[in-house]
Amino acid sequence: MSSARLLHLLSLLQTRREWTGPELSERLGVTVRTVRRDVERLRDLGYPVHATLGKVGGYRLEAGTALPPLLLDDEEAVAIAVGLRGAAGGAVEGIGEASVRALAKLEQILPARLRRRVNALHTATTPLTGPPAGPAVDPETLTVLAAASRDRERIRFAYRDGGGAETSRLADPHGLVTAGRRWYLVAFDTGRGDWRTFRVDRVARPHPTGVRCPPRDLPAADAAAFVTRSLARSRPVRPAVLTVHASAEELIDRFRVTGDEVEPVDERTCVLRTAPDSLEYTALRIAYLDLDFEVVEPPELAERLAAVGARLTRATVGHAPSGAGTGGSPARTDPGGPP
């Protein structure tokens with residue numbers, strides 16, 4: 001028996017919920033009978049491979065009483081190590097300590113070449129941490145939703161809306177999307193007969209029903225695009241238009257907007273059209289950039305900027321600007337000559 005083929009079979013079983021005998025036979029380049037013998041060998045090694053009866057039969061790697069070794073290629077091992085480092089400070093409740101323990105175990109068995117890659121990424125990266133920006137997600141809920149999305153299995157769960165009202169939902173999950181520090185589930189809500197976006201921190205008691213989801217076409221390029229569109233529809237659109245005295249390239253880089261939101265006028269002027277989450281946040285962001293600009297619309301943005309300016313002025317009353325002298329003229333320091 002080829003050890004390499006056995007490892008390949010185990011790797012295949014770990015990547016998909018279920019394989020038929022002929023599918024594995026084709027992927028491994030052996031007969032279905034040989035596949036059956038290899039499966040028996042995996043069972044002897046402690047891997048709980050379940051076989052279903054039928055004309056073609058199927059094989060599935062199930063959970064056992066102990067966690068068997070996982071087969072990871074180089075890229076997968078590095079990705080997991082880097083992901084565990086990030087998860088230590090992530091938005092999933094209670095996962096930080098477990099991530100540190102798992103990372104310690106993984107790095108202990110990593111080959112030297114992979115350990116160097118992981119350490120290089122860790123050394124060169126400085127995380128910018130801060131207080132939680134929103135409610136944490138229950139890791140068990142996230143795991144159940146991820147498995148149901150992978151296996152295309154219908155799930156039932158309780159969902160709490162923004163007002164705190166809880167409803168029971170039956171949905172066909174498509175996938176999970178992370179945006180900032182929030183997680184979203186994209187699913188077809190069978191009770192409402194339409195696609196929906198659910199905030200995972202508002203999902204409770206999810207459980208699979210054992211029913212496979214029928215094929216459905218997501219009305220978007222992918223789950224991320226669907227969430228982006230859903231979030232844009234959920235908030236009132238109050239576009240802000242500003243004339244900014246900077247090049248379009250500079251504004252895109254410093255204000256972190258897309259090229260579709262910036263229209264060049266000349267080499268040092270451009271027009272910004274954006275639909276922000278809030279006018280207050282836009283006012284603070286544009287004021288912080290240290291760029292000259294004029295508000296075109298809406299008038300409410302100009303009012304908020306005036307209010308921010310007045311508040312900052314009141315906060316600095318009685319404090320001389322940095323570098324000001326007592327005689328009314330700016331103080332000057334010139335190491336190369338007399339003042």
Side-chain angles (χ1 to χ4, degrees), residues 1-19 23-30 35 38-39 41-42 45-49 59-64 66-92 95-129 137 139 142-152 173-186 200 218 221-225 227:
M1 177 185 296
S2 168
S3 298
R5 188 181 71 237
L6 199 64
L7 291 175
H8 189 193
L9 171 59
L10 181 57
S11 178
L12 290 173
L13 291 172
Q14 290 175 346
T15 59
R16 210 167 84 183
R17 181 178 176 85
E18 187 168 287
W19 293 84
E23 286 175 331
L24 290 173
S25 171
E26 181 180 356
R27 294 293 292 269
L28 296 171
V30 297
V35 170
D38 288 353
V39 167
R41 177 58 180 155
L42 287 178
L45 294 173
Y47 291 92
V49 182
Y59 299 98
R60 181 170 64 234
L61 186 63
E62 295 188 336
L67 181 65
L70 292 174
L71 289 179
L72 303 172
D73 61 28
D74 287 3
E75 299 304 322
E76 290 170 339
V78 171
I80 290 176
V82 173
L84 287 170
R85 288 185 185 275
V92 181
I95 205 171
E97 183 181 350
S99 299
V100 172
R101 294 199 310 268
L103 180 62
K105 294 177 181 179
L106 179 61
E107 290 191 336
Q108 184 178 0
I109 61 173
L110 281 178
R113 68 181 189 282
L114 299 185
R115 193 178 300 115
R116 285 194 296 269
R117 290 174 60 183
V118 173
N119 289 338
L121 283 169
H122 177 64
T123 303
T125 305
T126 302
L128 182 61
T129 58
V137 174
L142 200 61
T143 301
V144 172
L145 297 179
S149 299
R150 178 199 63 197
D151 300 333
R152 294 293 182 260
H174 178 84
L176 291 163
V177 175
T178 176
R181 293 182 65 86
R182 293 201 188 281
W183 286 84
Y184 297 91
L185 170 69
V186 175
V200 176
L218 182 69
D222 52 34
V227 169

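Sequence positions, counted from 1, serve as the residue numbers for this chain.
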What is the distance from atom [atom1] of [X] to atom [atom2] of [Y], rounded to the nearest 0.5 Å?
{"X": "Asp38", "Y": "Leu28", "atom1": "CG", "atom2": "CG", "value": "7.0 Å"}
{"X": "Arg113", "Y": "Arg116", "atom1": "CZ", "atom2": "CZ", "value": "9.0 Å"}
{"X": "Leu12", "Y": "Leu7", "atom1": "CG", "atom2": "CG", "value": "11.0 Å"}
{"X": "Tyr59", "Y": "Leu24", "atom1": "OH", "atom2": "CG", "value": "8.0 Å"}

Q) Taking only residues two or more places apart in sequence or in another chain, which ones pass side-chain hydrogen bond (donor to acceptor under 3.5 Å, both in side chains) with Glu26? A)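 If we apply the side-chain hydrogen bond (donor to acceptor under 3.5 Å, both in side chains) test to Glu26, skipping adjacent residues, there are no hits.
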Q. Which residues satisfy the salt bridge (charged side-chain N to carboxylate O under 4.0 Å, His left out) test with Arg60, sequence neighbours excluded?
A.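 Arg60 satisfies salt bridge (charged side-chain N to carboxylate O under 4.0 Å, His left out) with Glu18, Glu62 only.
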Q.
With a 4.5 Å cut-off on side-chain heavy atoms, are Leu10 and Leu45 touching?
A. no
(Q) Test side chain to side chain contact (heavy atoms under 4.5 Å, CB included) on Leu61 and Leu42; report intermediate values, then the result. (A) CA-CA 10 Å; Leu61 186 63; Leu42 287 178; over 6 Å; no
Q. Do the side chain of Arg152 and the main chain of His174 share a donor and acceptor less than 3.5 angstrom apart?
A. yes
Q: Check whether any side-chain N or O of Ser25 sits under 3.5 Å from a backbone N or O of Val30 as a donor-acceptor pair, and report yes or no.
A: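 Flag set: sc Ser25 to bb Val30 pair under 3.5 Å.
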(Q) To check you understand the geometry: which heavy-atom pair defines the closest contact between Leu218 and Ala223, and what is its length? (A) CD2-N, 3.6 Å
Q) Between Leu185 and Pro173, what is the shortest heavy-atom contact and its length? A) CD1-CB, 4.1 Å
Q. Above 12 or not: heavy atoms from other molecules or residues under 6.0 Å from CZ of Arg27?
A. no
